[in-house]
Structure formats: C-alpha cells, structure tokens
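See below for the structure under consideration.
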Number of protein chains: 2
Amino acid sequence: MDSQRADQMFDVPLPEAPTDASSDTYETRRDHILRSATLVFAQHGYEKASMRAIAKAADMSLAGLYHYFDRKEQLLFVMQFRVFSSLLASLQERLVGVEEPRDRLCTMIRAHITYFAEHMAELKVCSHELDSLEGETYEQAREIRLAYYTLTREIIAMIIKENPPEYPLDIHVATMSLFGTLNWLYRWWNPTGPTSPKAIATQITNQFLAGICAPAASHAH
Amino acid sequence: MDSQRADQMFDVPLPEAPTDASSDTYETRRDHILRSATLVFAQHGYEKASMRAIAKAADMSLAGLYHYFDRKEQLLFVMQFRVFSSLLASLQERLVGVEEPRDRLCTMIRAHITYFAEHMAELKVCSHELDSLEGETYEQAREIRLAYYTLTREIIAMIIKENPPEYPLDIHVATMSLFGTLNWLYRWWNPTGPTSPKAIATQITNQFLAGICAPAASHAH
DNA sequence: GTTTATATCGAACGAACGTTCGAACGGGAT
DNA sequence: ATCCCGTTCGAACGTTCGTTCGATATAAAC
C-alpha cells in the first residue's frame with residue numbers, strides 16, 4: 001500500500017491518469033498545492049482554513065484549485081497518507097540491519113524526530129487533525145497509523161522481554177506514553193531553536209529507555 | 001486570580017452582575033450551558049461546533065443562548081479558564097504537606113489523571129483547542145497554564161537536584177515530555193475502560209521517575 | 001395597575017464557506 | 001484552419017455560520 005495507490009483510489013472521478021509528458025507538470029503542480037495547503041492547515045487548523053486561502057497560498061484561483069483536488073477533504077487525506085507512508089517507509093528502511101532492540105528504539109525515535117524537524121508543518125497537521133477525516137478516508141489513514149504503532153510497540157515489547165522492569169508495565173500504555181511525548185512536540189519544540197533535534201532525540205530516548213527498564217525505582221503506591 | 005473574576009472580566013458588557021436570588025438560577029443556567037457547550041466542542045471540535053448545535057444541546061433557543069454568552073469565543077474561554085483554575089487549585093491543595101519531591105510528583109500525576117477521568121470532555125477540549133482562542137483571551141488562558149507548568153517544572157527540578165541522572169537532562173524537555181504523555185491521553189485512553197485511572201497514574205509515574213533518575217541507562221549515542 | 005427588568009424566542013441579516021458552471025485560453029494533432 | 005483537450009478563472013449558487021433585532025412572557029417593585 002503506497003501513496004500512489006491511495007491517490008488513485010481517490011482520483012477515480014478524474015478523467016484519466018495523467019500520462020507521460022503532461023504528468024510531470026501535473027504532479028509537480030499537485031505537490032505545490034499540497035505543500036501550500038499544508039502550511040495553511042498548520043497555521044489556522046483544518047476547519048478554519050478556507051479553500052480560498054489555500055488557493056491564494058498556492059498562487060492560483062479558487063476554481064483552478066478544484067481542477068487538482070475535488071474536495072477540501074482530499075487535500076488533508078492525500079497529505080496525511082503521504083506523510084504517514086513516508087514516515088513508515090523511512091523507519092523500516094533505517095531499521096534494516098539493526099537487531100538489538102534498544103538500538104531499534106533509538107533508531108525509531110531519532111527517525112521520527114528527524115522527520116519532524118524537516119517537515120514541521122506536515123507533522124503538526126498529522127498530529128492535530130487526526131479526527132478531521134471521516135468515513136473511508138479516516139479508516140485508510142487509521143490503517144497506516146496502526147502499522148506505525150504496531151512496529152513501535154513490537155520494538156518496545158522486545159526491550160521489555162529482554163529486560164523486564166520490576167513493576168507491572170502495560171506495553172500499550174508504555175507505547176502511547178512515547179507517542180504522547182513525540183506527538184506533543186509540535187506544541188512547544190522548535191527544531192531550529194536552542195535545542196537541537198539530536199539533543200531532543202537523545203534525551204527522549206534516554207528517558208524512555210530508563211523508564212521502561214528501571215531496576216527498582218518504583219515509587220507510586 | 002479565580003474563575004469568578006475571569007467571568008466578570010468577560011461579563012463587562014452584560015447589564016449588571018446578577019444579584020442575590022436571581023443569581024442562583026442565572027449561574028446555574030450558565031453552568032448548564034457551559035457543560036453542554038463542552039460536550040459539543042469535545043465531539044466536533046471548536047470550529048465545527050455551531051452555536052445552533054450548542055443551543056440544541058442545552059435545550060434552548062439560539063437567541064436564548066446569546067443572553068448568557070455574548071460570543072462563541074466566550075464559551076471556550078470561560079470553560080478553559082475554569083478548568084485550568086480548578087486543576088491548578090486542586091493540585092495546590094493536594095500538595096499541602098507533601099514535602100518529598102518524588103511524592104509531590106506522584107501527587108501531581110495522580111491529581112491530573114483523576115481530574116481527567118472525571119472531566120474527560122473538558123480536558124479533551126483544553127488539550128486540543130489551546131490555539132483556538134486569540135488575543136486577550138488567549139493570553140489569559142496562557143497565563144494560568146504557565147502557572148501549572150511552572151509548578152510541575154519545579155517539582156521535577158527538585159527531584160533531579162536530589163537525584164541527578166548520569167546523562168545530561170534538560171528540565172524543560174523533561175517537563176514537556178511528561179505533559180505530552182498526559183495531554184495525549186485524551187486521544188486513546190478511556191477512564192472507564194480496562195485500564196483504571198490508578199493503574200495509568202502508577203505506570204506513568206513509575207516510567208517518568210525512572211526515566212529522569214536513571215543511574216546509567218544511557219544508550220543514545 | 002402600571003412600570004421596570006429579566007428571560008426567552010422566531011426571524012432575519014450579512015458574511016463566509018465549499019463547490020459548481022460556463023467561458024476563455026493555448027498548444028498539439030488532423 | 002479546425003478540432004480537441006488539459007488548464008485556468010471570474011462569477012455565481014446554495015448553505016451554513018455567528019450574531020442581532022424586535023416582540024412576547026413573566027414576575028417583582030412601586
């Protein structure tokens with residue numbers, strides 16, 4: 001399931017798949033629009049972002065925008081699908097050859113934060129507008145998010161299996177704790193600010209690893 | 001700075017502060033509307049929630065709703081201000097007499113999660129609609145959130161001072177990691193589901209404490 | 001009984017929204 | 001020269017939005 005298939009699934013009402021020479025400029029134009037829309041979504045939120053504002057950001061007319069995307073929802077869906085797909089693909093790629101579970105977690109966190117640093121607006125929208133899609137498009141976005149979750153959960157499960165903590169630890173809760181920390185980043189962290197992506201990734205990894213492998217720090221009664 | 005003052009600050013355009021006997025039913029009615037609005041905000045998001053839907057949820061007419069709240073924004077502001085105020089007040093109250101820093105953190109996390117479990121819709125809206133206010137109302141909500149953040153940060157700073165970890169640890173990053181975990185709860189956790197509030201609080205506390213006090217779990221390179 | 005203030009509501013206003021329509025433009029093929 | 005087709009856009013459609021207005025009902029105050 002790649003982004004190509006998802007786009008076409010959504011593009012059924014379009015006349016035909018653009019071919020050869022024209023395809024180049026067509027896809028380029030789509031990418032440009034998508035990037036503009038993402039910036040507007042990130043700044044004002046999906047609901048408040050108007051198609052007119054998106055058209056203006058993409059430097060084209062309102063009706064011209066509709067030539068490339070049938071509905072506003074399609075802009076959000078295609079964007080989310082591409083981001084989640086490339087996030088997942090990039091992670092799987094980086095995990096190749098990394099066997100040690102703790103190294104795999106380190107890789108996952110670093111990959112996620114690196115991606116975030118390079119696509120701030122995209123990840124902000126993906127974190128904040130999870131429920132803005134409905135019906136079929138929501139389910140499709142959900143599926144690929146689930147794959148990302150499952151992959152991360154399995155890494156965490158392996159770490160715990162090799163190094164069980166001394167207090168009862170629910171793996172789902174642990175996984176969602178990590179995602180909470182990561183997905184909240186868009187609220188406060190500026191990758192170009194004083195705290196570098198590498199520093200953030202290192203500290204979050206250290207904290208999380210120590211948190212789920214703790215020898216006997218149990219304190220809650 | 002209590003919620004009463006905030007309401008009145010916002011109520012300036014209203015004829016007069018309601019007095020004595022009538023005040024009872026007036027404030028009761030306001031509370032009822034606020035609770036209805038919160039549910040609609042939580043279900044559809046602030047932007048998509050219409051005043052007509054809120055009026056229907058409160059079982060009154062659209063124009064009747066405007067008798068109690070001048071603008072839609074006021075509904076969100078008063079709600080957020082009350083929630084943040086009572087969250088902060090409840091935390092300060094519970095911290096009285098708790099001296100040991102680790103006990104204070106444990107108290108903070110338990111208080112936050114307990115409050116969440118009892119006011120799910122409220123905390124969902126407060127977590128998700130942080131940027132939906134603008135101008136003066138945004139600044140006021142921000143101020144009280146800052147007080148909550150500062151209180152938590154000081155607890156964490158004290159723990160770290162007493163038990164410094166062996167890797168460099170930025171206190172702001174650590175604090176925001178915890179808030180990320182807590183504020184993300186509304187996305188996936190159901191307090192009435194299989195994982196009890198107490199169990200969640202215990203695990204998050206254990207993980208976080210172990211994470212910031214780790215002896216030598218450093219792993220990121 | 002009249003006045004005054006609060007509470008409630010149906011109806012409407014003006015603006016903004018997502019979306020559609022029909023016409024124009026431009027270049028490659030016939 | 002003609003046709004075709006992808007592209008672009010101004011203008012509009014119908015709907016929904018937040019908000020306001022004017023009228024009515026109620027009940028306490030004089």
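Reminder, nothing fancy here: chain letters follow the sequence lines and each chain counts from 1.
- B/Ala55 comes within 4.0 angstrom of no nucleic acid atom, judged by non-hydrogen atoms across all strands.
- Looking at heavy-atom distances under 4.0 Å, B/Ala53 makes no contact with the nucleic acid at all.
- Checked against side-chain hydrogen bond (donor to acceptor under 3.5 Å, both in side chains), B/Thr114 has no partners two or more places apart in sequence or in another chain.
- Considering only residues two or more places apart in sequence or on other chains, B/Thr181 meets the side-chain hydrogen bond (donor to acceptor under 3.5 Å, both in side chains) condition with A/Thr181.
- Atom CD in B/Glu47 sits about 14 Å away from atom C1' in D/dT16, given to the nearest Å.
- When the P atom of D/dC5 is taken as reference, atom OH of A/Tyr26 falls 17 Å away, rounded to whole Å.
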Atom pairs, N/O to N/O, protein against nucleotides 19-25 of chain D, distance under 3.5 Å?
unit_1	atom_1	unit_2	atom_2	d
D/dT19	OP2	B/Tyr66	OH	2.9
D/dT19	OP2	B/Lys72	N	2.9

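- At whole-Å resolution of the value, CZ in A/Phe69 and P in C/dG18 are 15 Å apart.
- Atom CG in A/Leu75 sits roughly 10 Å away from atom P in C/dG18 (whole-Å rounding).
- Contacts of B/Asp31 classified as salt bridge (Lys or Arg N to Asp or Glu O under 4.0 Å), with partners at least two apart in sequence or in another chain: B/Arg82.
- One interatomic measurement links the two molecules: NE2 of B/His44 to C1' of D/dC17, which rounds to 15 Å at whole-angstrom precision.
- Within a 6.0 Å sphere centred on CD of B/Gln43, heavy atoms belonging to other residues, nucleotides or ligands number 12 at most.
- Remark: A/His172 engages A/Tyr149 in a side-chain hydrogen bond (donor to acceptor under 3.5 Å, both in side chains) (not counting sequence neighbours).
- Minimum interatomic distance between B/Tyr138 and B/Leu130 (heavy atoms only, all atoms of both residues): CE1-O, 3.4 Å.
- Taking atom CZ of A/Arg29 as the reference point, atom P of D/dG6 lies 17 Å away to the nearest angstrom.
- The side chain of B/His67 lies closest to C/dT6, out of C/dC9, D/dT7, C/dT6.
- Put simply, CE on B/Met60 is 10 Å from C1' on C/dC9, counting in whole angstrom units.
- A/Ile54 places its CD1 atom 10 Å from the P atom of C/dT19, with the value rounded to the nearest Å.
- Qualifying ring-ring contact (aromatic ring centres under 6.0 Å, His included) partners for B/Phe41, counting only residues two or more places apart in sequence or in other chains: B/Tyr46.
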